Amino acid sequence: MHNTKILIKGRRHLNGHVKISGAKNAALPELAAVILSQKPFTFKNVPDVDDIQVMLEALKNLGADIHTGNEEIRVRIPEIVSHLVPKKIVETSRASILMLGPLVARNGFAEVSFPGGCPIGDRKINFHLEGLSKMGADIQVNEDNITASTDGLTGIEYRFPHKTVTGTENLLMAATLATGTTILKNCALEPEIGDLIDLLIKMGAQISGKNTETLEIFGSPSLSGAEHRVIPDRIEMGTYVIAGSFEGNEISMSHVIPEHIDSLLNILVKMGVSLKVSDNGIHVRGGSGIVPAEVVTEPYPGFPTDLQAQLTTLMTQAAGNSKIHETIFNNRFQHVHELNRLGAEISIDHDTAVISGITPLTGRDICSTDLRASAALVLGGLIADGETVVSNAHQLFRGYENMPRKLKELGADIAVLGGEDE
Ligand code: EPZ
């Protein structure tokens with residue numbers, strides 16, 4: 001799998017309709033929430049991506065019965081048979097940290113390996129551990145893993161020192177089985193958290209404050225199962241909107257929630273991209289003469305760090321200097337070196353990338369470093385003259401369902417070499 005390469009013959013225009021899959025970053029915490037109940041769950045619209053497969057493997061290790069078929073996943077954990085989430089299963093993803101809260105809440109004891117995930121910077125979890133500790137979990141950390149044990153969690157009032165998506169999700173899930181009331185302040189506002197809250201409320205959890213920075217959870221002795229359809233993936237949607245923004249391309253998508261990427265859409269309109277947005281659809285047409293922009297990544301509803309690399313590729317085709325200031329992660333410019341090898345002219349000044357355009361790109365062998373950087377390099381290959389080979393491309397399949405196939409259906413000349421299916 002780690003020798004997966006993607007071969008692209010560039011400068012084919014993309015035209016047509018693309019189906020956006022379910023949100024990986026909603027499905028991950030929602031599958032972890034299964035741990036909170038002995039009852040059965042049915043999930044629809046779960047994306048078939050590697051990070052989800054990792055989570056399902058980790059749940060199986062805890063004792064989950066899992067059945068997949070006719071576009072749904074049925075899962076239940078009648079009895080926890082192991083308290084362990086081992087490194088060999090989860091080393092590449094954030095799955096393990098998302099299981100810590102639910103597992104210690106349900107089982108009283110949890111042992112999870114340190115979380116993996118993209119090498120995009122510090123992936124600290126101190127707020128997760130601080131909150132669980134205040135709720136009454138005894139947290140022990142050694143070089144390999146984290147253990148948490150408790151005779152029962154109790155509700156707390158906790159303010160996150162700064163916004164954390166999975167930190168909010170972890171403590172929120174743990175609080176649903178804690179005794180008494182938990183008030184979480186300075187919570188992240190990402191739509192995936194709102195979708196998780198919808199699931200937890202279906203399970204019988206008592207939660208108020210959805211889509212606000214203050215969540216109040218009144219703990220329950222037990223929770224039921226639920227049926228749930230995962231929201232569409234706003235980062236996949238944003239990636240294809242950016243793909244449609246290049247000159248000569250025209251892409252439409254339906255069954256999406258455009259407001260989830262309002263920050264990106266506002267930037268693209270200012271850059272001169274033609275967009276038609278309805279309640280559940282987007283139509284984007286790339287034009288000649290897009291103009292530069294200056295962008296700062298911020299927690300939702302600000303411009304998402306997960307679209308920063310992809311927008312950088314588009315900015316190489318804007319006439320003038322663009323800037324992107326990355327404020328969330330401290331190592332999320334690894335795509336820049338590879339884009340410059342295609343012919344881009346991007347310089348890094350501390351936490352800001354300065355992209356000068358217009359720079360014609362020429363295909364060559366490049367190497368992917370992380371999930372969203374992979375998408376940025378594929379976008380680069382699509383507009384480059386000649387052939388581009390993206391190596392280490394397994395990263396792409398962690399979070400994008402069938403991207404090569406979806407791009408081929410839009411007219412790209414793209415093939416997967418070795419490893420992954422298309
Ligand atoms: C989630 O990661 C997403 N992953 C990331 O998407 C996304 O980039 C990120 O949120 C920010 O939006 C999932 O939801 C599975 P954070 P997460 O905790 O929760 C610091 C993708 O491409 N921090 O919001 O791990 C941390 O170091 C992935 O799909 C602490 O200091 O990110 C980082 O600098 C990449 N202490 C910042 O906060 C903590 O306890 C934001 O991290 C927790 C976080």
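As the structure lists them, so they are numbered: ligands from 1, and atoms in each ligand from 1. Scope of the values below: all heavy atoms of this structure, side chains included, with no hydrogens, waters or symmetry mates. Nothing here was measured: the structure is a model prediction, and the numbers come from that model.
At a heavy-atom cutoff of 4.0 Å, ligand 1 is contacted by both the backbone and the side chain of T164. Counting heavy atoms under 4.0 Å from ligand 1, residue I328 touches it through both backbone and side chain. The side chain of D306, and not its backbone, has at least one atom closer than 4.0 Å to an atom of ligand 1 (non-hydrogen atoms only; side chain from C-beta on). Both the backbone and the side chain of H128 come within contact range of ligand 1, each with a heavy atom under 4.0 Å. When non-hydrogen atoms are compared, ligand 1 lies under 4.0 Å from the backbone of V165 as well as from its side chain.
Distances below 4.0 Å separate heavy atoms of D122 from the following atoms of ligand 1: 26 (C), 27 (O). Remark: ligand 1 atoms within the under-4.0 Å shell around heavy atoms of R332 are 8 (O), 22 (O), 35 (C). Interface atoms of ligand 1 facing R94, defined by a heavy-atom separation under 4.0 Å, are 25 (O).
The shortest distance between side-chain heavy atoms of I217 and Q206 does not fall below 4.5 Å.
Taking each heavy atom of Y300 and L189 in turn, the nearest pair found is CD2-O, 3.4 Å.
Among residue pairs with one or both ends in residues 101-143, those qualifying as ring pair (Phe, Tyr, Trp, His ring centres under 6.0 Å) are H83-F109, F127-H162; sequence neighbours excluded.
In this structure, the side-chain hydrogen bond (donor to acceptor under 3.5 Å, both in side chains) partners of K44, at least two apart in sequence or on a different chain, are E72.
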